[in-house]
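Read through the structure below, which is laid out as structure tokens, and then see the notes.
By convention here, the first residue in the shown sequence is residue 1.
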Amino acid sequence: MSRTYYIAGNWKMHKTRAEAAELAKALVSQLKDGKHRYLVAPSFTLIETVAPIVKGSNIRLGAQNMACEEQGAHTGEVSVLQLKDLGVQTVILGHSERRHNYREDDALINKKLKLALKHGLEVILCIGELLEEREAGKAEQVCETQVVKGLEGVPAAELANIVIAYEPVWAIGTGKTATPEDADAIHAFVRKLIGKLYGTDAAEKIIIQYGGSVKPDNAAQLMAKENIDGALVGGAALKPDTFVPIALFG
Ligand code: PGA
């Protein structure tokens with residue numbers, strides 16, 4: 001069964017509106033003949049600038065987070081309704097920077113995920129272990145908990161709107177990439193887990209991206225692995241020179 005590769009750029013807390021517009025325009029033009037699936041996820045304040053640039057192109061519009069409630073007294077949060085109003089199609093949830101720096105736990109991420117699905121957004125659910133968890137031989141166990149709790153209460157029919165991104169925390173922004181073999185082993189484990197939870201058809205179909213220091217010179221080897229279906233790219237997503245070669249691999 002062939003899955004479509006899905007390459008996503010997580011711009012994190014970078015860029016002004018003018019810089020974001022310049023990057024988005026360059027990507028639209030340089031990826032127009034790309035055969036994979038693409039997404040950019042700019043900061044909230046940049047979404048309105050980027051939306052009309054990517055509209056009608058092969059690049060989806062994403063957000064990096066969202067609130068767990070639809071609306072109300074939640075100072076500093078951004079709601080699913082506000083994101084939809086801007087044309088956002090996908091939301092990244094459970095990024096390790098949210099889990100570890102802002103104390104988001106699996107229950108909160110699950111609440112956000114179900115709300116996003118209810119409003120028809122696609123979700124990229126990030127999972128991944130810390131270095132000490134890997135060294136203690138607990139990488140699979142950590143990822144299993146994050147998947148099981150993150151997807152709690154999600155029916156099989158909704159799974160088509162879920163993408164999983166495996167991002168070992170020790171590989172994010174550090175220049176250390178998991179070897180393609182190590183990454184693929186976790187991807188295979190997660191796919192098997194999805195099979196147990198949702199059946200083999202769902203397991204075959206689900207897109208599992210790898211994230212953590214993906215660069216032009218390692219992207220192809222990673223994505224050549226059977227269970228690696230794309231990439232969630234941080235640092236290298238900030239420039240066309242580094243994102244485009246990743247996005248056009250193969
Ligand atoms: P990185 O970030 O590519 O800079 O390691 C990946 C991510 O955090 O999504």
Any donor-acceptor pair under 3.5 Å from Ser79 side chain to Leu81 backbone: yes
With Asp105 via side chain to side chain contact (heavy atoms under 4.5 Å, CB included) - residues at least two apart: Ala107, Leu108
Residue pairs fulfilling salt bridge (Lys or Arg N to Asp or Glu O under 4.0 Å) with at least one residue in residues 229-249, sequence neighbours excluded: Arg3-Asp229, Arg191-Asp229
Straight-line distance of Thr200 OG1 to Ile194 CD1, nearest 0.5 Å: 12.5 Å
Side-chain heavy-atom pair Asn161, Val123 within 4.5 angstrom cut-off: no
Those residues that, when tested against Thr174, pass side chain to side chain contact (heavy atoms under 4.5 Å, CB included) (two or more places apart): Lys176, Ser213
Within-4.5 Å side-chain heavy-atom neighbours: Tyr210 and Asp184: no
Non-hydrogen side-chain atoms of Phe243 and Leu23 separated by less than 4.5 Å: no
Full working for side chain to side chain donor-acceptor pair (under 3.5 Å) between His119 and Glu70: CA-CA 10 Å; His119 287 277; Glu70 237 156 49; 2.7 Å; yes
All pairs passing ring pair (Phe, Tyr, Trp, His ring centres under 6.0 Å) where residues 157-188 contributes a residue, at least two apart: Tyr166-His187
Any Leu61 side-chain heavy atom under 4.5 Å of Gln89 side chain: yes
N/O donor-acceptor pair under 3.5 Å between Lys35 side chain and Gly250 backbone: yes
Side-chain heavy-atom pair Leu27, Ile53 within 4.5 angstrom cut-off: no
Side chain to side chain contact (heavy atoms under 4.5 Å, CB included) against Glu122, all qualifying residues, sequence neighbours excluded: Tyr6, Arg37, Arg60, Thr90, Val163
Residue pairs involving residues 141-155 (criterion side-chain hydrogen bond (donor to acceptor under 3.5 Å, both in side chains); sequence neighbours excluded): none
Shortest non-hydrogen separation from Val91 to Ala116 and the atoms involved: CG1-CB, 3.8 Å
ILVMFWY cluster membership beyond Leu130 - transitive side-chain contacts under 4.5 angstrom: Val169
Pairs flagged by side-chain hydrogen bond (donor to acceptor under 3.5 Å, both in side chains) wherever residues 91-101 is involved - sequence neighbours left out: Lys12-Glu97, His95-Glu167, Arg98-Glu104, Arg99-Asp106
Residue pair Val80 / Lys118, side-chain heavy-atom distance below 4.5 Å: no
Test item: Ile7 and Met223 side chains (from C-beta on) under 4.5 Å apart, heavy atoms: yes
Partners passing salt bridge (charged side-chain N to carboxylate O under 4.0 Å, His left out) against Glu69 (at least two apart in sequence or in another chain): Lys111
Any donor-acceptor N/O pair, Tyr5 side chain to Phe249 backbone, under 3.5 Å: no
Inter- and intrachain pairs under salt bridge (Lys or Arg N to Asp or Glu O under 4.0 Å), touching residues 211-227, at least two apart: Glu181-Lys225
Check: Val40 main-chain N/O paired with Tyr38 side-chain donor or acceptor under 3.5 Å: no
Check: Ser57 main-chain N/O paired with Lys32 side-chain donor or acceptor under 3.5 Å: no
Whether over 12 other heavy atoms sit under 6.0 Å from Glu19 CD: yes
Asn227 side chain vs Ile208 backbone, donor-acceptor pair below 3.5 Å: no
Qualifying salt bridge (Lys or Arg N to Asp or Glu O under 4.0 Å) pairs with a residue from residues 124-141, counting only residues at least two apart or across chains: Glu129-Arg134
Partner set under side chain to side chain contact (heavy atoms under 4.5 Å, CB included) for Gln30, not counting sequence neighbours: Ala26, Pro240, Val244
